[in-house]
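Structure record follows, encoded as structure tokens.
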Amino acid sequence: MLEAEVTLLPIRRWRTSNCWFGRPYGPPIAFVIHTQSGGDSGTVAEWLSSSSQLSAHYTVGLEGTLDCWIDPTDRAWSNGIIEPGNRWTVIAEDCGVDPALNPNHVTVTCETEDLGDASHAVTDRQYAALLRAAWEAKLRYPNSLRYLACHADISPQSRQNCPGDRWLMSGRFEALANTLGLKIVRGC
């Protein structure tokens with residue numbers, strides 16, 4: 001898909017209060033892919049509820065819908081905690097960031113729909129919409145956004161299948177990194 005085609009994909013913009021405003025710890029260094037483990041409707045309800053304490057910058061549906069819930073200039077709450085065995089340390093150190101810093105402070109995140117089926121294939125439309133979201137973040141932060149990461153890179157014990165084989169074994173994850181010129185940490 002050509003750059004011009006990707007930038008033409010529409011982004012629906014919403015606002016959730018489930019975020020921290022600004023980037024006092026510096027610009028984002030990684031774009032992190034998650035899987036929703038369900039459908040968009042449940043995710044939308046969580047993002048709009050202040051009691052859920054959940055959020056991501058973007059959500060991407062299987063049919064190619066792209067929603068932006070938090071502007072990339074602010075910080076989402078989707079990455080959980082750094083767990084033993086993580087690959088986040090490699091990313092943070094390579095970018096000159098304290099590896100103990102909460103990754104939410106220096107990432108842009110996207111949840112991807114899988115209808116509760118971790119083996120559900122990534123559709124061409126879903127891939128294109130995720131590429132659009134990552135492209136938007138890369139354009140805003142061309143010098144600092146250097147990695148494409150999995151949630152499992154940060155939380156390998158509790159989120160070992162996030163975003164799962166549907167992204168990793170299909171080759172879509174690596175293709176996305178190559179298209180965007182982002183590094184990946186092997187083994188995710």
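In what follows, every heavy atom counts, from backbone to side chain, and hydrogens, waters and symmetry copies are set aside. The first residue of the sequence shown is numbered 1, and numbering continues consecutively from there. Just so it is clear, the model here is predicted, and its values are computed rather than measured.
Considering all non-hydrogen atoms of both residues, Cys162 and Thr35 come closest at SG-N, 3.3 Å. Scanning all heavy atoms of the two residues, the minimum distance from Pro72 to Tyr141 falls at O-OH, 3.4 Å. Closest approach of Asn102 and Gly80 over heavy atoms only: OD1-O, 4.3 Å. When all heavy atoms of Ser78 and Asn104 are compared, the closest pair comes out as N-OD1, 3.3 Å. Closest approach of Leu101 to Tyr25, counting heavy atoms only: CD1-CD2, 3.6 Å. In terms of heavy-atom proximity, Thr109 sits nearest to His57 at N-ND1, 3.0 Å.
At least one donor-acceptor pair under 3.5 Å links the side chain of Arg166 to the backbone N or O of His120. The backbone N or O of Ser158 lies less than 3.5 Å from no partner atom in the side chain of Ser155, so there is not a single donor-acceptor pair. Side chain of Ser55 to backbone of Ala76: no donor-acceptor contact under 3.5 angstrom is found. No donor-acceptor pair closer than 3.5 Å links the side chain of Ser144 to the backbone N or O of Pro27.
Remark: Gln157 engages no residue in a side-chain hydrogen bond (donor to acceptor under 3.5 Å, both in side chains) (not counting sequence neighbours). When the side-chain hydrogen bond (donor to acceptor under 3.5 Å, both in side chains) test is applied to Ser170, no partner is found at least two apart in sequence or on another chain. The salt bridge (Lys or Arg N to Asp or Glu O under 4.0 Å) test applied to Asp124 returns Arg172, not counting sequence neighbours. Not counting sequence neighbours, Phe21 has no partner by the ring pair (Phe, Tyr, Trp, His ring centres under 6.0 Å) test. Residues passing the side-chain hydrogen bond (donor to acceptor under 3.5 Å, both in side chains) test with His151, sequence neighbours excluded: His34. Every residue two or more places apart in sequence or in another chain that forms a side-chain contact (heavy atoms from CB on, under 4.5 Å) with Pro99 is listed here: Thr89, Ala92, Glu93. With sequence neighbours excluded, no residue forms a side-chain hydrogen bond (donor to acceptor under 3.5 Å, both in side chains) with Arg125. Residues satisfying the side-chain contact (heavy atoms from CB on, under 4.5 Å) test with Ala134, not counting sequence neighbours, are Phe31, Leu180. By the salt bridge (Lys or Arg N to Asp or Glu O under 4.0 Å) test, Arg23 is found to be paired with no residue, residues two or more places apart in sequence or in another chain being considered. Contacts of Ile81 classified as side-chain contact (heavy atoms from CB on, under 4.5 Å), with partners at least two apart in sequence or in another chain: Glu83.
A heavy-atom distance below 4.5 Å is found between the side chains of Ile11 and Arg132. Inter-residue side-chain proximity for Ile70 and Val108 is flagged as unmet; no heavy-atom pair is nearer than 4.5 Å. Side-chain contact check for Tyr58 versus Leu66: some heavy-atom pair is nearer than 4.5 Å. Residues Trp88 and Ile91 form a side-chain contact, since some pair of their non-hydrogen atoms from C-beta on lies under 4.5 Å apart. In this structure, Asp153 and Asn86 have side chains that are not in contact, with every pair of non-hydrogen atoms separated by 4.5 Å or more. A heavy-atom distance below 4.5 Å is not found between the side chains of Ile33 and Cys150. Side-chain contact between Leu182 and Tyr147 is absent, with no heavy-atom pair separated by less than 4.5 Å.
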- Message: Pair Tyr127, Thr179 - check side chain to side chain contact (heavy atoms under 4.5 Å, CB included), show working.
- Response: CA-CA 12 Å; Tyr127 177 84; Thr179 300; 3.8 Å; yes
- Stepwise side chain to side chain contact (heavy atoms under 4.5 Å, CB included) test for Leu62 and Thr123: CA-CA 6 Å; Leu62 287 166; Thr123 66; 4.2 Å; yes
- Item | Steps toward side chain to side chain contact (heavy atoms under 4.5 Å, CB included) verdict (Leu115, Glu113) | CA-CA 6 Å; Leu115 298 178; Glu113 182 181 28; 3.3 Å; yes
- Task: Could you check Gln126 against Thr112 for side chain to side chain contact (heavy atoms under 4.5 Å, CB included), going step by step and ending with a plain yes or no?
- Result: CA-CA 8 Å; Gln126 185 174 47; Thr112 62; 3.6 Å; yes
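Applying the salt bridge (Lys or Arg N to Asp or Glu O under 4.0 Å) test to pairs two or more places apart or on separate chains, those with a residue in residues 142-151 are Asp94-Arg146.
With no hydrogens or angles considered, a side-chain donor-acceptor pair links Asn79 and Thr107 at under 3.5 Å. Side-chain contact annotation: Trp20 with Asp74, donor-acceptor N/O pair under 3.5 Å absent. Using modelled atom types, one finds a donor on one side chain and an acceptor on the other under 3.5 Å when comparing Thr59 with Trp69.
Distance CG/Asn161 to CG/Asp114: 10.5 Å, rounded to 0.5 Å. Here the NZ atom belonging to Lys183 is positioned 10.5 Å from the CD1 atom belonging to Ile29, to the nearest 0.5 angstrom.
By the 4.0 Å N-to-carboxylate-O rule, Arg140 lies close enough to Asp71 to be salt-bridged with it.
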